[in-house]
Amino acid sequence: MSEPRVNELMEKIVSLCKRRGFVFQSSEIYGGINGFWDYGPLGAELKRNVKELWWTSMTRRRDDVVGLEATIIMHPQIWRASGHVDTFSDPMCDCLLTRKRFRADQIDLQSGTAYHFSGARDTAAGKAVAEPYAVLLPAGKPPESARRTAMEFYRARGLAQPELEGERTEKVENSQRFNPDNGSLLTEPRPFNLMFKTYVGPVADEDNVAYLRPETAQAIFAQFKNVADTSRQKVPFGIAQMGKAFRNEVTPRNFTFRSREFEQMELEFFIQPDEVVEALCGDVATPAGPGHPGEPQRNWGWQMWHQYWVEERIRFYDAIGLPRTTLEEYWQKPDELAHYARATVDLLFKFPFGTQELEGIAARGDFDLSQHERCSGKSMGVFDEELRTAWGKLTEEKRLALSARYHDARLKYLLRAGVSPEQASRDAREDADGLAKGQYIPHVIEPSAGVDRLILALVANAYGETTSTDEKGKTETRTVMKFHPTVAPVKVGVFPLLKNKPELVAKAREVHAALRGEMLAFYDEAGAIGRRYARQDEAGTPFCVTIDFDTLGETPALKDTVTIRHRDDGRQERLSIAELKAYLLARVR
RNA sequence: GCGGGUGUAGCUUAGUGGUAAAGCUCCAGCCUUCCAAGCUGGCUAGGAGGGUUCGAUUCCCUCCACCCGCUCCA
């Protein structure tokens with residue numbers, strides 16, 4: 001069983017990331033820390049570029065999205081409302097025999113007779129194990145099977161011929177302490193809190209517990225009213241946020257793909273419920289087929305908006321160098337959907353270690369705002385004058401139908417949230433009456449992307465090798481990082497052809513100085529020109545500019561021109577210094 | 001959290017119970033008129049801690065990190 005290189009490509013990528021300063025292990029000089037990674041000089045530029053492109057395309061180039069930058073530590077109630085406190089801190093226990101893991105609270109209740117053993121000994125080998133163990137048998141099963149299971153347990157602990165000791169039995173009712181599959185005792189339940197806990201203020205007691213946010217989305221919901229009230233936006237509109245999030249993952253894996261500290265880029269796009277759209281427009285547009293549905297229209301229902309954002313996100317990836325062909329679109333099946341979601345599309349990328357999620361675009365209904373409204377007691381609804389007017393002009397039949405649909409949706413949510421049936425019925429009726437007055441809770445479409453896994457995808461996608469053999473028969477492999485120019489960390493390398501000719505050096509420094517304010521330009525004069533090109537190839541620099549003797553006027557017609565060399569094909573062209581900046585800017589922005 | 005594997009320089013590897021070798025990279029100098037040329041010189045290493053030993057990078061233990069398989073994963 002020797003496969004030393006399980007994933008050779010991944011190893012090469014990790015190695016290159018370190019060698020060229022894209023990604024380092026966090027705290028490396030102290031041995032590293034599991035699940036945390038740092039970005040080096042090139043990685044920091046790459047990440048910054050990606051985030052800036054996302055922010056620009058999401059907010060600055062749109063009229064209907066605004067930004068938010070919230071704190072990482074928020075009121076702990078936020079995580080109760082969102083459901084994270086419950087679902088992110090499950091007590092887990094393991095089967096002592098098979099090591100299978102269970103959620104302690106989800107084990108089927110069992111009754112029967114428990115056979116306890118205080119330990120076992122192997123007289124022949126002169127060994128003993130003092131660990132107590134127990135097996136639960138349902139009524140009617142022979143005690144021998146419990147002993148067989150127990151012997152298996154002690155054999156796994158090093159006794160070849162276990163002789164069981166201290167057997168006693170006990171009646172057990174509705175217990176969750178045993179593995180339903182084999183009756184084996186489980187370990188004590190241990191809490192598995194996926195949220196990082198901390199304490200606010202100097203006293204570290206339970207009253208001061210706070211959490212590092214496990215996602216950026218909840219801050220957007222919590223601040224929805226403030227943003228809506230101050231930004232002069234009207235539904236449909238979105239709130240975008242980028243920032244760090246933290247999850248105490250059980251197993252961080254696959255380089256930076258699953259880290260404990262990571263960064264998200266999330267948009268919460270708030271839309272009108274379909275009942276509101278129908279009241280305002282008379283109909284609700286639904287997707288006619290796959291593909292981008294075009295510019296947003298007033299009569300779009302949630303499905304149109306959902307598809308719109310899926311396609312917008314794919315366009316974004318395409319624009320930064322992850323073409324559609326490198327992505328997979330996965331529509332979650334109804335039984336895979338989270339409880340709050342109406343539909344979720346995962347955009348997957350084919351990583352060297354498998355096809356994995358890059359971004360999820362979820363249609364979350366009004367779950368989040370409703371939860372915060374319920375838990376905070378503050379209204380999360382919006383008022384729409386137009387809706388009230390339109391409502392007055394509807395036929396009685398239409399009003400009843402829309403009102404009934406809205407009522408039923410609200411009732412369903414409230415009951416699922418655990419509100420008592422009487423209360424839920426009253427609240428749902430009130431919500432439906434509110435609709436007639438122009439009030440409703442917006443629904444939301446959430447495109448949520450992981451920055452770090454996107455960086456990893458860009459690196460994996462850019463990675464390329466070319467092997468060439470020289471006249472001496474020596475083969476060498478070169479690495480070329482084919483980043484799209486808009487995300488590439490360094491945009492242009494500037495070189496004098498030769499280092500020991502002061503005129504070339506002076507001119508090259510001049511060109512470099514003229515470019516550096518506009519883009520990241522790297523000046524290099526060390527080594528042969530080919531070596532400098534190769535260095536930039538490995539960093540993913542799309543363009544290199546070389547100042548040669550023609551630049552200085554050796555061939556009069558070529559005075560003040562430079563060669564510009566293209567990373568991906570080595571092609572060179574001659575360009576005047578005067579047009580250089582515009583030429584590059586057009587390609588790297 | 002479980003099981004398996006790995007850990008020597010920035011990278012890729014070598015070797016050894018007696019204090020570590022090489023190639024590439026990198027840095028400096030010379031040279032060089034466009035794709036890792038050449039010459040000279042230089043920096044840098046056995047993950048951490050403990051044990052055995054006169055002596056440990058080598059043997060043993062513990063821990064840490066990484067990889068693989070489970071488990072987990074909004």
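Here the structure is a predicted model, which is why all the values come from computation and not from measurement. Numbers restart at 1 for each chain; the letters A, B, ... are given by sequence-line order, proteins then strands.
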* To do: Between B:C11 and B:G18, how far apart are the C1' atoms? Round to whole Å, please.
  => 30 Å

* Do the numbers put A:R260 on top of the ring of A:F262, so that NZ or CZ is under 6.0 Å from the six-membered ring centre and no more than 45° off the axis? -> no

* Does A:R567 have a side-chain nitrogen or oxygen under 4.0 Å from the phosphate oxygens OP1 or OP2 of B:C35? -> no

* Asked: NA contact type, A:T344, heavy-atom cut-off 4.0 Å: base, sugar-phosphate, or nothing?
  -> nothing

* Is the base of B:G46 syn or anti, where syn means the angle lies within 90° of 0? -> syn

* **Side-chain-base donor-acceptor pair under 3.5 Å for A:E249 and B:C73** => no

* **Validation row: A:F257, A:P252 side chains within 4.5 angstrom (heavy atoms)** => no

* **Distance below 4.0 Å between A:N248 side-chain N/O and B:C73 OP1 or OP2** => no

* Using a strict 4.0 Å threshold on nitrogen-to-oxygen distance, state whether A:E538 and A:R478 make a salt bridge. => no

* Would one find a side-chain N or O of A:K18 under 4.0 angstrom from OP1 or OP2 of B:C11? -> yes

* Think A:K499 has a side-chain N or O under 4.0 angstrom from the OP1 or OP2 of B:G29? -> yes

* May I ask you to say what A:G35 touches in the nucleic acid, namely base, sugar-phosphate or nothing, with a heavy-atom cut-off under 4.0 Å? => sugar-phosphate

* Nearest-Å distance once atom C1' is located in both B:A21 and B:A45 -> 12 Å

* To do: Check if the side chain of A:D548 and the base of B:C34 share a donor-acceptor pair of N or O atoms closer than 3.5 Å.
  => yes

* To do: Would you indicate what A:S15 reaches in the nucleic acid, counting non-hydrogen atoms under 4.0 angstrom: base, sugar-phosphate, or nothing?
  => sugar-phosphate

* To do: Kindly say whether, by distance alone, the side chain of A:Y30 makes a donor-acceptor pair under 3.5 Å with the base of B:C64?
  => no

* Please state the P separation for the pair B:C26 and B:C63 - nearest whole angstrom. => 40 Å

* Between A:R532 and A:E525, is there a side-chain N and carboxylate O pair less than 4.0 Å apart? -> no

* Asked: Is the NZ or CZ atom of A:R313 both under 6.0 Å from the centre of the six-membered ring of A:Y317 and within 45° of that ring's axis?
  -> yes

* Structure fact -> Checking N1-N3 plus N6-O4 or O6-N4 for Watson-Crick, or N1-O2 and O6-N3 for wobble, each under 3.5 Å, the partner of B:U32 is none

* **Salt-bridge present (A:D537, A:R531; N to O < 4.0 Å)** => no

* Hey, is the side chain of A:R531 poking within less than 4.0 Å of OP1 or OP2 on B:U25, counting only N and O atoms? -> yes

* Asked: Rounded to the Å, how far apart are A:K507 NZ and B:U33 P?
  -> 21 Å

* To do: Name the nucleic acid region contacted by A:E538, choosing base, sugar-phosphate or nothing; use a 4.0 angstrom heavy-atom cut-off, strictly under.
  => base

* Assess whether one donor atom and one acceptor atom, taken from the side chain of A:R253 and the base of B:G69, lie less than 3.5 Å apart. => yes

* OP1 or OP2 of B:C73 under 4.0 Å from side-chain N/O of A:R258 -> no

* Return no unless some side-chain N or O of A:N500 is found under 4.0 Å from OP1 or OP2 of B:C30. => no

* Asked: Has the side chain of A:R565 got a donor or acceptor that lies under 3.5 Å from a partner of the other kind on the base of B:C35?
  -> yes

* B:U57 to B:U6 separation - C1' atoms, rounded to the nearest Å -> 16 Å

* Reckon A:F255 touches a base, only the sugar-phosphate, or nothing at all at heavy-atom distances under 4.0 Å? -> sugar-phosphate

* Asked: Can a salt bridge be assigned to the pair A:K559 and A:D550 using a cut-off of 4.0 Å between side-chain N and carboxylate O?
  -> no

* **Interatomic distance at P, B:G47 relative to B:A9, whole Å** => 8 Å

* Could you check whether A:E28 gets within reach of a base, just the sugar-phosphate, or nothing at all, counting any heavy atom under 4.0 Å? => nothing

* **Whole-Å C1' distance, B:U8 and B:U58** => 11 Å

* Gap in Å between the two P atoms, one belonging to B:G41 and one to B:G5, rounded -> 45 Å

* Please state the C1' separation for the pair B:C67 and B:C61 - nearest whole angstrom. => 23 Å

